[in-house]
Structures are given as structure tokens and as C-alpha cells.
Amino acid sequence: MSNIGSLEKRIKNFDWSISEKELDYKDGNTINIAWYCSDRICQMGKADKLALIYEGFGGVEKEYTFNDIRLAGNTIGAFLRNLGIVQEDRVCLFMDRIPELYLSFLGVLKIGAIVQPLFSAFGEESLYVRLENAQTRAIITQRKHLSKVRKIIDKLPSLEHIIIVDHKESKSLEKNEVPFNLEDATPIEDFEIFPTKANSPSVLHYTSGTTGQPKGVRHVHYSLISQYLTTKWILDLQDNDIYWCTADPGWVTGTSYGIIGPWSLGITQCVLNSGFSAAAWYKFIEKQKITVWYSAPTAIRSLMKAGDEIVGKFDLSCLRHLASVGEPLNAEAVVWSEKVFNKQFLDTYWQTETGSIMITNFPGMKIKPGSMGKAFPGIEAALLDPKTFEPFTEHGKIGLIAFKPGWPAMMTTYWNNNEKFEEKFKNGWYLSGDRSSIDNDGYFWFTGRDDDVINTGGHLVSPFEVESALLEHEAVSESAVVAKPDEVNMEVVKAFITLKPGYEPGDELELKIMNFIRKKLSPLAMPQDIEYMDSLPKTRSGKIMRRILHAKEWGEEIGDVSTLDNE
Ligand code: PRX
């Protein structure tokens, strides 16, 4: 039986108190996400149920029960507390998808500190700006990523502790570096969990905008109320499910639906920490008997590219429910998934800022391939006119996707940047920064972003961040970065540059520039193409017009160029 039943009928009487009741939460109570994800599940009689099934490189396998993750959270929490980390201190998780990443997430939250997960693929510059902005006090990492931290530590006076989860005695440590090996630590049975409240900060995720440095999206423990219910109703998780969320916890999907949602429901989840290949993914699904699979359009398109034949080599009949997030899910991908898996991928739409799914397809609802579906119960979604910011109801007309504030997982501010946070609201609406149309049946059809941010394979890349890295190279005079179409990733990063006098364009220089910026950016943000220009299109006031370069790449009309300075 599905959790959903006639969900559409429930929309009318929806109230978030449904979730509060199921979680035994009352206004004013203590609410700690890590307690809900581990201690409470144990108290409900599921201490011996598997919480995490992990498979890493070289076939390493590990399993953790809910009692194991409860103890690990206590043990890591106690270790951090002993170091002097207190509530609201920022603790960065900078690890591959190893078990310690998931367990540290609980440990940090148990002491009321704020967890700041970052992709381990980030280069030192990307890491630096985010640690600097958050004034992070501790970072939990692996030996393999230590060199990046060492390069920037001197510029980060707030960063007092570098905790290494896989330290080998023989290696020497530097100032501020402390080893911590969970397997050698004595498990802590009784632990005083910090009594966080609804509005206590929990998770700090960094997201890229068009201008300025990345913004730290600050979430609170109350976000659990949305994350729990959306996981239950949209991902339809039930007690005997084996769930796989393919997202890295450096990304909000990997925390809201890759840790908090499933574990607060007491569901067994799987993690595959190895490179992507269609065969490896299908084998994992078959072996672990995965029933619910939450993934992303780029991964689905990569699987499509690998062909239908390979699907037949595996028994994937265990799959019961599939969902996708992060970028537009093209209708072909939905049709393909129905053909090869006998199940459609259900598209879900949300953002780092929203903390939980906002517009979605849910089981039992009529699916229109290519549409993101409808607003989740309790979410008031509208399209606003881009000039007046007034909602309209005309069908087929494109407007700005906006939400009435007030759902539990809504961000509470951008870290140290409340001004940017305030800018996200107009006429009492939260502006998502995306555009869409809506059809007669209330289904949303995504049309694009309302800014220059590049969505490559579901990951947001700020053109500003890439342009800044390019400008630091001695040969580069000016740079402009836009999205370029791509069959699998939908968009990839393309850079246009002009050179300083004395530098010659060519492959050799391109290689040098690429090697230079690789150290600063994450692999995802690396340009796939660099084009040399004599000059970049600019407005009369000197602002580079990315729009023109974008239109050129996409073969679109250039539009109004009245402000272009073409002299
Ligand atoms: O542009 C939208 C796109 O991804 C953006 C949010 O990215 P991020 O904050 O990294 O969070 C991604 C995971 C929740 C949105 O503003 N996006 C997300 N889901 C969809 C989407 N675009 C089209 N269809 C979707 N289903």
C-alpha cells in the first residue's frame, strides 16, 4: 500500500500539524534532527534495523544499524564537545561519501552546532571562500583532502580544528590537526543532546548566485517537519523499503533527502561511493534490492546514453518508485524510464533555499512527462509578472515561480548576508529565481532560470566565481562565462576571454589557464570550452553583456541591444 492514497483530496485540509503529530512535536518543544534520525528510531523499537548500507571503492562494504548510527553520533558529538565546539559553531564536513560523513552529520547536530557540508571535490579557493564566510571553527576531513586545507589554513584564523577521520600514526600532523578514528573510539552510550528548538540553526549549505560570492543558506531544526512529510508522501518511503538517494550531501538533496528524510522515517538507505557507470549503478540496485531511487536528470540521461541493452543484464524488478530533481527532466527521460524500468521517474522541483520539495509529481497523480507537477500540499505557489510582481493565473503565460513564505523548511537567512535574503522577497512572495508556465490543470512547466547561474548536471555554478578565477591568471584581461548546451549535462560552462598585451591565444595558453583555475574551482565549474575574443560585448556603462554571448551559444535571438556599446 502506498502512503499516498488520494493525496490530491488531502490538499484541501492540509496542515503541517499532520507532520508535527506524527513526530510527537508540539510548539516550543525541543527538536533536534539528529535525535529524530537515530535515538527516536531506536526508541520506536528499530535499534537493530539497518540504517546505512555502504559500498565504497574496491567493493568495501559496511553496514550500520540505527543503534550504530545513534552511538556514532554520540561519539562524534562527544569528541567535538571535548575540543570545545559549542552550539551554533560551524563545523564543515569535507569528505567523500564515506560513512563518517553521514555519521558526523548527526554528531555535529547532536551538540547543537551547525553542519556545513561541502563537496570534497572543491578546490582550495572554493573551499576557502565558504569557510571564510561561515567563520568555520572545525573541519572534518580525510587525509586525501588535507593538502587543500593546509594551503588555506593560515588565512582562516577562525578554523581552530582540523579533524582527520582516517589518520595513520606514521604520518605527521601539523598545527590544529587532530586524528579521530571512529572505529577505535569508545562508543558513548549516554549522551546529552543539545536541546535545540524549532528556530535553532542546523544546516548551512552554500549555493551560487550570479554575482558575489556563494551564499550560505541557513536552515533550522524545524525544517524536519517538511522534510519528513515530503519524504513520506512524495518519495513514498515505507518501512520495508531500501532507499537510494544518489546525491552527495554537499548538495541539499543529499542532506534533506539523503539523511534527514529517510532516517527520520526509520528507513534503510544505501550509499554508493564510487565513480559513475551504468553497469555499477544497475549492479548496486540489483544487489541491494533497492526499491525507491531518487536521482537527477543528468544521471538519467547518462544511463539512457549507455543504452537499453545493458539494463536487461540486471534484475531491476525490485524498483518500486523513482524520482528526480535538480534540473528539467525532459519528457524523453520519463518515457524511457517507463520503457526500461517499467516505472516513470517522477520529477520534483525545489532549491537549496526551500529546504524541501515544493512542486512535484506524487504517486497516484496523473503524470504529464516534461512537467514538474503541482505544488505540494501546504505550499502556496504562484507565477508572478516579472515587472509588477503580481500573481497571474493565465495558462501558458511564463512568469516567475514564487512561494508564500511559511513552510517549515524555508531558509531563515543567507549567512552574514541578510540583505541578499531580503532581496528574495517581493510583495510578500519568496522569489525562486526560476520561470515557468502553468497549464489548465495546475501543472507547472519549467522554462528556465531568471538569472545567469549555470545549471550543469544539476549543480549550480556562478559565472562570477569562474570569471574571478580566470581573471587571476596573468594573461587574462577580461572574462565572461555563460552556459553552453550539452546533450547529457544540459548545460556546461563556457568561458570567453580577452588577453592582456603580449599574450598569444592558442592551445598552450589554454592548457596553462585551465591548470591554473583547476586548483581554485570544483571540477563541475571548469569551463569545457574557452573562446578567445578581441573584446567582450559591454553596455555603455562597461558591464559585460553575458546575455549576448549566451544567445550566441544557444542560437537564440539576441533581443534588445540598445545599451550595447559597440564602438
Ligand atoms: O533552477 C532550478 C533547478 O535547480 C535550482 C535549485 O538548485 P539547488 O539550489 O542546487 O537545489 C537543487 C536540488 C534541490 C532551481 O532553482 N531545478 C531544481 N529542480 C528542478 C530544477 N529545474 C527544473 N526542474 C526541476 N525539477
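Both ligands and their constituent atoms are indexed starting at 1 by order of listing. This structure is a prediction, so every number in the text was calculated from the model and none was measured.
Atom 8 (P) of ligand 1 has T352 OG1, 3.4 Å as its closest protein atom, hydrogens excluded (heavy atom only). The protein non-hydrogen atom at the shortest distance from atom 6 (C) of ligand 1 is W350 O, 3.7 Å. Here the protein heavy atom with the shortest distance to atom 16 (O) of ligand 1 is D434 OD2, 2.5 Å. Residue, atom and distance of the protein heavy atom nearest to atom 7 (O) of ligand 1 are L460 CD1, 3.4 Å. In this structure, the protein non-hydrogen atom closest to atom 10 (O) of ligand 1 is W251 NE1, 3.2 Å. Protein heavy atom nearest atom 4 (O) of ligand 1, with residue, atom name and distance: G326 O, 3.3 Å. Protein heavy atom in closest approach to atom 25 (C) of ligand 1: E327 O, 3.4 Å.
Using the six-membered ring where Trp is involved, W233 and F376 have ring planes that are tilted, between 30° and 60° apart. Using cut-offs of 30° and 60° for the angle between ring planes, the F425 and F421 rings count as perpendicular.
Within a 6.0 Å sphere centred on CD of E419, heavy atoms belonging to other residues, nucleotides or ligands number 12 at most. Other residues, nucleotides and ligands contribute at most 12 non-hydrogen atoms within 6.0 Å of the CD atom of E487.
Close placement of the W336 and F341 rings is indicated, their centers lying within 6.0 Å of each other.
Rounding to the nearest 0.5 angstrom, the gap separating the CH2 atom in W407 from the OG atom in S226 is 8.5 Å.
In summary, the atoms of ligand 1 found under 4.0 Å from a heavy atom of N455, numbered by their order in the structure, are 3 (C), 4 (O). The distance from ligand 1 to the heavy atoms of R449 drops below 4.0 Å at these ligand atoms: 1 (O), 5 (C), 15 (C), 16 (O). Ligand-side atoms of ligand 1 in range of T348: 19 (N), 25 (C), 26 (N), range being under 4.0 angstrom from any heavy atom.
Any N or O atom pair closer than 3.5 Å counts here, and T253 shares no such pair with ligand 1. On a distance-only criterion, S432 and ligand 1 share no N/O pair closer than 3.5 Å.
Residue-ligand proximity: P328 is placed with a non-hydrogen atom under 4.0 Å from ligand 1.
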